[in-house]
Structures are given as C-alpha cells and as structure tokens.
Amino acid sequence: MKVHKEGTGLLLTLFTILFIVNMSLYYTTSKAWIFYLVLSISTILFLLVLNFFRSPFRKFPYDSEGLVIAPADGRIVAIEEVMENEILHRECLQISIFMSVFNVHANWFPVNGTVKHVSHHNGRFMAAYLPKSSTENERSAVVITTRNGVEVLARQIAGAMARRIVTYAKVGEKCHVDEQMGFIKFGSRVDVYLPVGTEVLVEMDQTVTGNQTPIARLGKMA
C-alpha cells in the first residue's frame, strides 16, 4: 500500500519522536514492562496514522461519462434538495459522504470535465456528520463543468479532528474521475451538489468507495 504524499513528513516526524522516546526508555528504565507498554502504544499509534495516510491506486473500471462517482470513501449521510447560496446560487441535489478516521482520505474528482471555480473558506471545526458543517466549517469548493454543460460542485469540509484541507484542482484545467482532487487530514466530509432531478444511485447510510462507486447519473443538460 502506497503512502500518500500528504503524510510522508508527518510520518517521518512521528517515527523519529517515537524512536527517540522508546530508545530513551530502553536505556534508562529499570522496569521492562514500562518499556514494552510504551513500545506497544507507540506501534499502535504509528500504524493508525500510517493507515490514515494510505493511498490506494484506483481506476474506475467502466465508462464514467455521464456518471457522478463517489469522490471519497465513507458513508452517505445526506441526499436532499437544498438551496446552495455560496457559489451556485440555486436549488441543488446534495449528496454528502462522511469520512471517519479509518477511511482513505484522498478525494477524487466526481466527474470528468473542466475546473471552473476553486475557492477556500475559513470556518469552524464541528463534527462533519452534522448538517451545519456544510456551511459553517472550514471548507474548499471546486466547480466542474462537464462536456454536456452540467455544473457539479464538490465541497471538501473539515471535521472536528481535521485541521487542513488540500485541494489540487486548478481553474481552467481538465479533470478526470481517476485523478485526485485533494486530501483532507483526519475525519471530514465531502458534499456534491448536482442539478435538481439528477438520478440518484445510492441510498442513505450506504458505504461508498472513492473513485469506484457511482452515486448519480447526470442528464445531458443542467
């Protein structure tokens, strides 16, 4: 399993700190059980962080044209029509995916097209499964225009434990579902906003896999 580039620096720093702590205990403590206890905790901690920053190679196995693919691993926590007032300023179908700390946290583009808009907003860090997190938490937004003229908004949202959102998308660039859109460090959420009337292919509480699970099918026009 490949380690994501966003985690290499943190993992090296964590390994160095844990190595120094454990070696210091090994040479200074007279109680072996203390050393083995700290070593066990250190190993578990490092493996948990390593698991969080895993970056599996994925390629959508079918023709993705016209489909909206899950941009993240996680669980569907919202399928509803909402008024998107921040960027699109219209009624949209919102599909939201909540990522726990145990999910892969790389984010993929949900559709093929051209990046039309990228923005970042500072905000709070409330639990990402709460509905208000979509509009009040730290977040980044990417708008993609498909070949058929449909605008799709993908919003990366920080959670209670997340403190950094990374967005790779650049305005004017072509994008594809097999490409990573960004990365969110620790528990978080990704919302996708689609035209009202879009065919939904998932259900509430369904577990989805980023760049593998189709979540909706777009019409030919917005």
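Sequential numbering from 1 along the given sequence is applied to the chain's residues. Given the structure is predicted, the values throughout are model-derived calculations rather than measurements.
- Looking at heavy atoms from C-beta onward, K5 lies out of side-chain contact with S55 at the 4.5 angstrom threshold.
- Of the possible polar contacts, none joining the T167 side chain to the A169 backbone as a donor-acceptor pair under 3.5 Å is found.
- Within the structure, salt bridge (Lys or Arg N to Asp or Glu O under 4.0 Å) contacts touching residues 18-33 (residues at least two apart or in different chains) do not occur.
- A continuous path of hydrophobic side-chain contacts links V202 to M204 [ILVMFWY only; heavy atoms under 4.5 Å].
- Here the closest heavy-atom approach between residue P195 and residue L218 is recorded as CD-CD2, 4.2 Å.
- Hydrophobic clustering of Ile, Leu, Val, Met, Phe, Trp and Tyr side chains at less than 4.5 Å, counting indirect connections, unites L14 with L50.
- The distance from the CD1 atom of I17 to the CG atom of L12 is 11.0 Å, given to the nearest 0.5 Å.
- Taking NE2 from H105 and OG from S100, the interatomic distance works out to 7.0 Å, rounded to the nearest 0.5 Å.
- Proximity of a side-chain donor or acceptor of T29 to a complementary backbone N or O of L25 within less than 3.5 Å is not detected.
- Sorted by first and then second residue, the salt bridge (Lys or Arg N to Asp or Glu O under 4.0 Å) pairs involving residues 169-181 (not counting sequence neighbours) are K59-D178.
- Rounding to the nearest 0.5 angstrom, the gap separating the CD1 atom in I87 from the CD atom in E151 is 10.5 Å.
- In this structure, CG in N51 is found 13.0 Å from CD1 in I44, a value given to the nearest 0.5 Å.
- A donor-acceptor pair under 3.5 Å links the side-chain atoms of E84 to the main chain of E86, judged by distance alone.
- Taking every heavy atom of both residues into account, F98 and S188 meet most closely at CD1-O, 3.5 Å.
- To the nearest 0.5 Å, atoms CD1 (I97) and CG (N103) are separated by 10.0 Å.
- Contact check for F46 versus L11: side-chain heavy atoms found under the 4.5 Å cut-off.
- When the side chains of ILVMFWY residues are joined at heavy-atom separations under 4.5 Å, either directly or via intervening members, V150 and V118 end up in a single hydrophobic cluster.
- Closest of all the heavy-atom pairs between V192 and P71 is CG2-CG, 3.8 Å.
- Residues Q180 and F109 share a closest heavy-atom pair of O-CE1, 3.7 Å.
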Subject >> Step-by-step side-chain contact (heavy atoms from CB on, under 4.5 Å) determination, N112 to T146 >> reply: CA-CA 6 Å; N112 304 322; T146 70; over 6 Å; no
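- L88 and M83 fall into different hydrophobic clusters, where Ile, Leu, Val, Met, Phe, Trp and Tyr residues are linked whenever their side-chain heavy atoms come under 4.5 Å apart, directly or through other members.
- Proximity of a side-chain donor or acceptor of E6 to a complementary backbone N or O of F53 within less than 3.5 Å is not detected.
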**OP:** Apply side-chain contact (heavy atoms from CB on, under 4.5 Å) to the pair L67 and L201, showing each step before the final yes or no.
**Re:** CA-CA 10 Å; L67 291 175; L201 303 178; 4.2 Å; yes
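- Side-chain contact between L153 and C92 is absent, with no heavy atoms from C-beta onward closer than 4.5 Å.
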**OP:** Starting from the C-alpha separation in whole Å, work towards a yes-or-no answer on side-chain contact (heavy atoms from CB on, under 4.5 Å) for M181 and W108.
**Re:** CA-CA 5 Å; M181 180 178 69; W108 286 264; 5.8 Å; no
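- Note that CZ of F60 is 8.5 Å distant from OG1 of T213, once rounded to the nearest 0.5 Å.
- When the side chains of ILVMFWY residues are joined at heavy-atom separations under 4.5 Å, either directly or via intervening members, I79 and V111 end up in a single hydrophobic cluster.
- Judged by distance alone, with hydrogens and angles left aside, the side-chain atoms of D205 form no donor-acceptor pair with the main-chain N or O of R75 at under 3.5 Å.
- R58 has a carboxylate O that lies under 4.0 Å from a charged side-chain N of D73, or vice versa, which qualifies the two as a salt bridge.
- Exactly one of M99, E138, R139 qualifies for a side chain to side chain contact (heavy atoms under 4.5 Å, CB included) with I157. That residue is R139.
- When all heavy atoms of G172 and T114 are compared, the pair lying nearest together is O-CG2, 3.8 Å.
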For residues 32-41, run the donor-acceptor check on the side chains, cut-off 3.5 Å, and write out each pair with its distance to 0.1 Å, sequence neighbours left out.
{"unit_1": "S40", "atom_1": "OG", "unit_2": "Y36", "atom_2": "O", "d": "2.8"}

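- Ring-plane geometry between F15 and F19 is classed as parallel, the angle between the planes falling under 30 degrees on a 0 to 90 degree scale with a further cut at 60.
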Subject >> side-chain contact (heavy atoms from CB on, under 4.5 Å) assessment of I144 paired with C175 >> reply: CA-CA 8 Å; I144 303 159; C175 61; 3.6 Å; yes
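- Closest heavy-atom contact between F183 and Q156: N-NE2, 3.6 Å.
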